[in-house]
Amino acid sequence: MKKIKALFTDIGGVLLTNGWDHVGREKAVEKFNLNKEEVNERHHLTYDTFELGKIDLTTYLKRTVFYEKRNFTEKEFKDFMFALSVPFPEMIELVRNIKAENNLRTLVISNESKELNNYRIKKFKLKEIIDGFISSSYVNMRKPDEGIFRMALDISQYAPDEVVYLDDRMMFVEIAVSLGINGIHHIDLESTTTKLKEFGLKI
């Protein structure tokens with residue numbers, strides 16, 4: 001086994017809660033008294049475009065929520081969306097620790113819309129532990145496209161077997177592994193810590 005020199009990780013489900021998923025949409029439907037079926041249909045029709053950075057948050061909301069007059073403002077809805085993001089402090093500290101102890105380079109590979117991604121990076125000070133962000137809205141590719149993983153390898157300039165990738169979605173881990181990257185399906189702090197040690201990393 002080659003020495004691990006880089007850690008790639010997802011954000012949502014690993015370092016933070018998901019930015020805008022079905023759970024968040026259900027909470028929004030309840031709070032703002034929206035039609036669930038309409039919101040979900042409109043979301044699924046436009047979300048790929050949103051995550052690829054081809055439309056901004058205002059445009060996304062015009063298509064999914066503000067296509068008719070509402071008794072709340074766009075700002076109120078955006079503030080609600082942003083507030084859904086909650087950190088997993090122990091995972092953030094694990095990445096901070098393992099980066100320092102092993103002199104690792106760290107990159108994020110994530111499917112995130114631009115405004116939410118920018119907010120989450122700044123709010124939770126992710127630049128302190130992450131060296132670069134290969135986010136779908138920045139690079140116009142999204143998982144499960146193999147290209148986004150290949151881009152991360154090209155940018156990092158490490159061989160696949162010098163990298164460990166963390167993701168809470170098993171399929172994305174499987175894609176990384178198919179490219180020769182060492183993969184860990186993140187379930188919880190304890191099991192991920194154990195698997196990282198198995199790759200020879202000091203924690």
Side-chain angles (χ1 to χ4, degrees), residues 6-28 39-40 42-66 74-96 99 104-156 163 165-169 171-173 175-176 181 186:
L7 176 70
F8 295 174
T9 182
D10 193 12
I11 294 180
V14 180
L15 302 177
L16 314 174
T17 55
N18 289 322
W20 182 238
D21 61 4
H22 69 280
V23 175
R25 292 196 305 281
E26 287 179 2
K27 291 179 178 178
V39 168
N40 282 334
R42 287 172 171 269
H43 166 83
H44 289 301
L45 288 172
T46 197
Y47 197 61
D48 286 1
T49 308
F50 182 42
E51 274 199 339
L52 287 171
K54 294 182 178 181
I55 59 172
D56 62 13
L57 180 54
T58 293
T59 302
Y60 167 78
L61 290 178
K62 282 181 180 177
R63 294 179 181 180
T64 57
V65 178
F66 294 98
E74 181 182 319
K75 182 182 184 304
E76 288 173 322
F77 198 90
K78 285 182 177 179
D79 288 345
F80 175 82
M81 290 179 72
F82 293 150
L84 292 171
S85 293
V86 177
F88 298 134
E90 292 181 333
M91 278 302 300
I92 291 174
E93 281 308 305
L94 175 62
V95 172
R96 188 190 310 276
K99 175 178 170 63
L104 297 182
R105 303 297 291 173
T106 53
L107 285 179
V108 154
I109 305 175
S110 66
N111 291 345
E112 297 250 350
S113 60
K114 187 169 290 185
E115 291 90 342
L116 278 169
N117 199 39
N118 292 346
Y119 167 81
R120 283 149 66 85
I121 291 168
K122 184 176 181 180
K123 172 70 176 178
F124 301 107
K125 301 178 180 178
L126 297 184
K127 287 196 296 184
E128 293 181 358
I129 62 168
I130 301 297
D131 297 314
F133 297 87
I134 314 301
S135 301
S136 60
S137 55
Y138 300 163
V139 301
N140 303 132
M141 284 187 290
R142 65 194 294 273
K143 298 179 288 188
D145 189 334
E146 289 183 1
I148 196 168
F149 294 93
R150 296 186 191 280
M151 177 180 285
L153 290 170
D154 288 342
I155 288 172
S156 72
V163 176
Y165 175 63
L166 305 179
D167 202 305
D168 65 314
R169 303 279 181 93
M171 186 178 76
F172 296 157
V173 174
I175 293 168
I181 299 169
H186 173 69

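Because only heavy atoms are used, hydrogens play no part in the values below, and waters and symmetry mates are left out as well, while side chains stay in.
We find that D154 and R150 are not joined by a salt bridge, their nearest charged nitrogen and carboxylate oxygen being 4.0 Å or further apart.
Judged purely by distance below 3.5 Å, without hydrogens or angles, the side chains of S156 and R105 never pair a donor atom with an acceptor atom. Side chains of T58 and K78: a donor on one and an acceptor on the other come within 3.5 Å.
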With side chain to side chain contact (heavy atoms under 4.5 Å, CB included) as the criterion, how do E128 and I92 come out once you've worked through the C-alpha distance, each side chain's angles and the decisive distance to 0.1 Å? CA-CA 10 Å; E128 293 181 358; I92 291 174; over 6 Å; no
I would like to know whether L16 and L126 meet side chain to side chain contact (heavy atoms under 4.5 Å, CB included); could you show each step before the answer? CA-CA 10 Å; L16 314 174; L126 297 184; 4.3 Å; yes
Checking T106 against T9 for the side chain to side chain contact (heavy atoms under 4.5 Å, CB included) test, could you report, in this order, the C-alpha distance in whole Å, the side-chain angles of both residues, the deciding distance, and whether it holds? CA-CA 8 Å; T106 53; T9 182; over 6 Å; no
With side chain to side chain contact (heavy atoms under 4.5 Å, CB included) as the test, would you mind laying out the steps for H186 and D10 before giving the verdict? CA-CA 10 Å; H186 173 69; D10 193 12; over 6 Å; no
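Separation of atoms CZ (R142) and OH (Y47) is listed at 7.5 Å; rounding is to 0.5 Å. Of the inter-residue distances, the one linking F133 atom CZ with N118 atom CG reads 10.0 Å to the nearest 0.5 angstrom. With rounding to the nearest 0.5 angstrom, the CG atom of D167 is 13.0 Å from the CZ atom of F8. One distance of note links CD1 of I181 with CG of L153; it measures 4.0 Å at 0.5 Å rounding. The distance from atom CZ of R25 to atom CG of L84, rounded to the nearest 0.5 Å, is 11.0 Å. Note that CG of L45 and CG of N40 are 11.0 Å apart. Values are rounded to the nearest 0.5 Å.
Under a cut-off of 6.0 angstrom, the local environment of CD in E90 is sparse, with at most 12 non-hydrogen atoms contributed by other residues, nucleotides or ligands.
In this structure, the side chains of W20 and L57 stay at 4.5 Å or more apart for every pair of heavy atoms. The closest side-chain heavy-atom distance from V23 to N18 is not below 4.5 Å. M171 has its side chain within reach of P144: a pair of non-hydrogen atoms, C-beta onward, lies under 4.5 Å apart. The side-chain heavy atoms of D56 and K114, taken from C-beta on, include no pair separated by under 4.5 Å.
Closest heavy-atom contact between N117 and S135: ND2-OG, 2.8 Å. Scanning both residues, I148 and S110, for their nearest heavy atoms gives CD1-O, 4.4 Å. Of all non-hydrogen atoms in D131 and L107, the two that sit nearest each other are C-CD2, 4.4 Å. Shortest non-hydrogen contact noted between P87 and F124 is CD-CE2, 3.3 Å.
With V139 as the partner, the side-chain contact (heavy atoms from CB on, under 4.5 Å) test is satisfied by one option alone out of I109, I134, I155, L52: I134.
No donor-acceptor distance shorter than 3.5 angstrom exists from the side chain of S113 to the backbone of E51, with no hydrogens or angles considered. A donor-acceptor distance shorter than 3.5 angstrom exists from the side chain of S137 to the backbone of E112, with no hydrogens or angles considered. A donor-acceptor pair is defined here as one N or O able to donate and one able to accept, closer than 3.5 Å; such a pair exists between the side chain of N111 and the backbone of K143.
Under the 30°/60° scheme for interplanar angles, the aromatic rings of H43 and Y60 are found to stand perpendicular.
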